[in-house]
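Heads up, the thing below is written out as structure tokens.
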Amino acid sequence: MVTNLKTRFSSYLNQTSSPAALVVFRMMFGLLMFLSLLRFWLKGWIHQLYIAPKHHFSYYGFEWVQPLGQYTYLLFLVGMIAALFIGIGLYYRWAALLFFLSFTYIELMDKTTYLNHYYFISLLSFLLIFLPANAYFSIDAWRKPSLNSSKIPSWCTDSIKLMVIILYFFAGLAKLNSDWLFLALPMKIWLPAKNDLPLIGNLLNETWVAYLFSWIGCIYDLSIGFLLLYTPTRKLAYTSVIVFHLLTSILFPIGMFPYIMIGTALIFFSQDFHLRIIHKIGGIMHASSSFLNPQRSFSYSNNLNSLFIGLLILFFTIQILLPFRYLLYPGELFWTEEGYRFSWRVMLMEKMGSATFLAKGENGEIKEVDNKEFLTPQQEKMMATQPDMILEFAHILQNHFEKTGIENPQIYVDSYVSLNGRIGKALIDPKIDLSEEKESFAPKNWILKFEDEIKGF
Amino acid sequence: MNYGKYPIILFLLTLLFGCVDSTEDQDIPEENSDRKEMLKFWVEEMIIPSYSEFEQDLQNMVISADQFVNNPTESNLQALRNTWVQAYVSWQHVELFEVGPAEKYTLRNFYNIYPTNVSGIETNISSSTLNLNLPSTYDQQGFPALDYLINGVAEEDIKILEFYTDSEKGENRRAYLNTLVTRMELLLNQVTSDWNGPAKEEFISKTGLDIGSSTASMVNAYVLYYERHVRSGKFGIPSGATLASSGTPNPEKIEAYYKQDISLLLAKTAHQAFTDFFNGNANGKQGPSLKTYLVAIGAKDPSTGILLSEYITEQLAVISNLLNGLSENLYQQIITDNDSMIQVYQEMQKAVRILKVDMTSAMSITITYTDNDGD
């Protein structure tokens, strides 16, 4: 049985297929990433999120990743140029590496801007570094005809598909909880907020619509990856991808994400489908027939092939395990958020809070902190509901007060958080001096109990 | 309404045609969650009428101030004091509406920043280049400055009158009083004429809950008002309950410090106006409000089943009851029994949290937005 699986796996690894799907994905990805970064720039968010704030929230272990002042614009420019180079397939691997590094650096600069879809883009661009997405219909292949191929290993295209399936499936799994399924929360809170939309507005007031959205959303996420994979259901599945993501784009402020997913899901379509797209674009550009119909088969050297495959197996193992790390922590995940990020928990809860910090000096002086003096409204909003950020802010304050003449300041927080409509209560033990607590992966025992249960994943 | 999304919705409806049951749904909720109706009621039955009433009271104050300035007698002083009290009380009915025009002209800054700055006022009186638009002059004008000028320049009325009849400085002092009053009238005029102009329709038409929408702006202004200007301004700072004052009572920082015996009346009126707005109570007329909206969207704690609207109403009632037990002179109250003041502050703090976190969360409104993607 095991040997059987082994031989089947190794014969799978030897399978080849047309690079067309990966190439179309490459072009789409490059273009959309360029547009995303441009949009970010034009909206003034580079300044607002990375330059204007006085302090930034770092990921544990990545404290050295800080915004670069005015050079942050340069960082975005590098990312945009790299995205274009990915799109046209010029110096492709360097471009992919550069895009991955610049984009990931941007995302690591401030934790309060974390979005699952940014994480998804980092992961996709990481995968692209190892995939031969320039082996066909790229400037690289045009400049170096020996690269131009009609076949690449199938696992190359499939690794993108697997990433998409993981994203959807875990997003669906996360929705299998009692609040989502049996209370229609947070849909019941979010939908009436859009009841002034034309035509569908009134429907959004109805409780049954909130339940319908919750259940359909859950079933959609759990199944869509597989329905896209399976040829007979693919067209219908793709139609629902369009409907689902356009609907979310109307209802929620999620920027480019719907369009990225609509574009990415195309990768599940057949070779012929993608070849037709490429031939159409090639026709417009008057590309030669030999360029559009290469004869060679692309393969990595044996060593490189084993290295990349080993790397991808490790990568996907981590991807599959990471969303379950929350099981290592006590308490309610939605409340403590220990193990919440990097797990495809997308638009899953309505959480709002306020946190008032006190600094106490050795000589008995007490200062109430005006958060706005230190943080932007966006940072304050994110910080108020997430314990790791509350701790980080406490340390920022500790530093500040040490410098301004309070010796050994103790930092306390008076927090109040509401989760999915539950009347708010304290999230952090107000008697704990946060200046004494250190950030780590260990459970934070100064987070107060949720005192309610949300059953499920 | 967001018509930019119209094509996408039409497209989606076409795709979904046949899937969605389009039969008439008879399940009409008891309360209405139509924000347009709520906005209409707010502006037409609450905001504009409250401003008209205030305008009337302010007008009376302007007239008596004019009489006093032209003829500074004891009876004219008394008349001015009376109309000042009436206008100040009436102001408590509109101070919470710092949205739209009032926000544009930052009316509160020019009307009710206290404690007033006595030395600033003295300087202004003898200054020939007075610019009361400067932020540094906020505490040298409005009701608190008038409080000083008609109640606080001296102990006895005779001395107060002498302040204005002084052969050397009297004229300048009367002129300053006149400047303040005319200025208030002018600023209010801008606000009310804006409200009666295009601002009204604009307010009603912005039915969303995103940045700049009327409901979100109103709720933001409403909660900020209660937090900073009722909780902290009227109770927290004077009683020393806020940590910023590190526990030291500052009774001289109460509202209407020189008149003193109306300080509780002002606070009660403000709290009542705040409560009435929540309940949609406009001079006995009942309309769509934050309360009915919360009921309509079914806002309740999923674990305890407590209705959020009831929870808020109860907390506001707790505060009303505490206010009823205070002395009409909050200065005296702080001197004799500051604990009661601190207790009011603490209950108001609870109300602030419920409004700021629970209510805005239930309504999908964020307090102080930045526009950015979510996921």
Side-chain angles (χ1 to χ4, degrees), chain A residues 43 45 48-49 113 115-118 179 183 185 188-190 192-203 205-207 239 242-243 246-247 249-250 252-257 346-347 350-354 358 365-368 372 376-378 380-381 416-418 420-424 452, chain B residues 1-3 5-6 8-13 15-16 20 25 27 29 32-36 207-210 213 215 242-247 293 296-304 306 308 311 352-354 356-375:
Chain A
K43 286 201 166 229
W45 289 346
Q48 187 186 322
L49 298 178
T113 65
L115 289 185
N116 284 293
H117 76 256
Y118 292 152
D179 269 22
L183 296 171
L185 286 167
K188 214 157 65 180
I189 295 174
W190 289 342
K194 294 285 173 184
N195 66 12
D196 60 332
L197 280 173
L199 304 175
I200 55 170
N202 268 333
L203 278 176
N205 286 326
E206 305 288 342
T207 309
T239 312
I242 296 176
V243 172
L246 286 185
L247 198 61
S249 80
I250 295 170
F252 310 115
I254 46 182
M256 295 288 287
F257 183 60
V346 186
M347 302 288 293
E350 165 62 33
K351 203 176 181 188
M352 187 100 81
S354 75
L358 306 178
E365 65 263 58
I366 299 180
K367 283 226 162 73
E368 184 176 320
K372 284 178 186 59
T376 64
Q378 160 82 4
E380 187 184 356
K381 179 183 153 200
Y416 184 87
V417 171
S418 160
N420 279 351
R422 289 171 182 79
I423 301 278
D452 195 3
Chain B
M1 225 176 262
N2 193 338
Y3 286 102
K5 284 169 178 169
Y6 221 105
I8 307 182
I9 292 169
L10 269 179
F11 172 67
L12 287 174
L13 278 182
L15 279 176
L16 285 170
V20 172
D25 194 74
D27 179 26
N32 197 334
S33 62
D34 186 340
R35 289 189 292 277
K36 194 170 197 141
T207 56
L209 288 173
D210 47 348
S213 69
T215 310
T242 56
L243 276 148
S245 44
S246 18
Y293 185 78
I297 61 172
K300 64 175 178 202
D301 187 315
S303 10
T304 59
I306 295 172
L308 183 56
Y311 192 65
V352 165
R353 286 196 148 168
I354 300 168
K356 204 175 174 179
V357 175
D358 297 303
M359 183 175 83
T360 57
S361 181
M363 293 179 74
S364 285
I365 292 175
T366 309
I367 290 291
T368 52
Y369 272 105
T370 50
D371 65 331
N372 195 3
D373 294 340
D375 79 356

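Here is the naming used below: chain letters follow the sequence lines, and residue numbers restart at 1 for every chain. Computation of the quantities below employed the complete heavy-atom set of this structure, encompassing side-chain atoms and omitting hydrogens, waters and symmetry-equivalent molecules.
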Given a strict heavy-atom distance threshold of 4.5 Å, which part of B/T360 is in contact with chain A: side chain, backbone, both, or neither?
->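 Contact with chain A: backbone and side chain both.
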Non-hydrogen atoms of chain A under 4.5 Å away: do they reach the side chain of B/A299, the backbone, both or neither?
->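 For B/A299, no heavy atom lies under 4.5 Å from chain A.
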In Å, rounded to the nearest 0.5 Å, how long is the span from [atom1] of [X] to [atom2] of [Y]?
X	Y	atom1	atom2	answer
B/S361	A/I423	OG	CD1	10.5 Å
A/S418	B/D301	OG	CG	8.0 Å
B/M363	A/E350	CE	CD	12.0 Å

What part of [X] gets closer than 4.5 Å to chain B, counting heavy atoms only: side chain, backbone, both or neither?
X	result
A/Y416	both
A/L183	side chain
A/D452	side chain
A/N420	backbone

Least distance between heavy atoms, [X] atom then [Y] atom:
X	Y	value
A/D196	B/R35	OD1-NH2, 3.1 Å
B/S33	A/N195	O-ND2, 2.9 Å
B/V357	A/G353	CG2-C, 3.8 Å
A/P192	B/Y293	O-OH, 3.9 Å

For B/D34, all residues meeting side-chain contact (heavy atoms from CB on, under 4.5 Å), sequence neighbours excluded =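 Counting only residues at least two positions away or on another chain, B/D34 forms a side-chain contact (heavy atoms from CB on, under 4.5 Å) with B/N32, B/K36, B/E37.
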Residues in side-chain contact (heavy atoms from CB on, under 4.5 Å) contact with B/K300, at least two apart in sequence or another chain |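 B/K300: side-chain contact (heavy atoms from CB on, under 4.5 Å) contacts with B/L307.
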Greatest number of heavy atom pairs closer than 4.5 Å to chain A - which of B/L308, B/D358, B/I297, B/I306 |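 With the most close heavy-atom pairs to chain A, the winner is B/D358.
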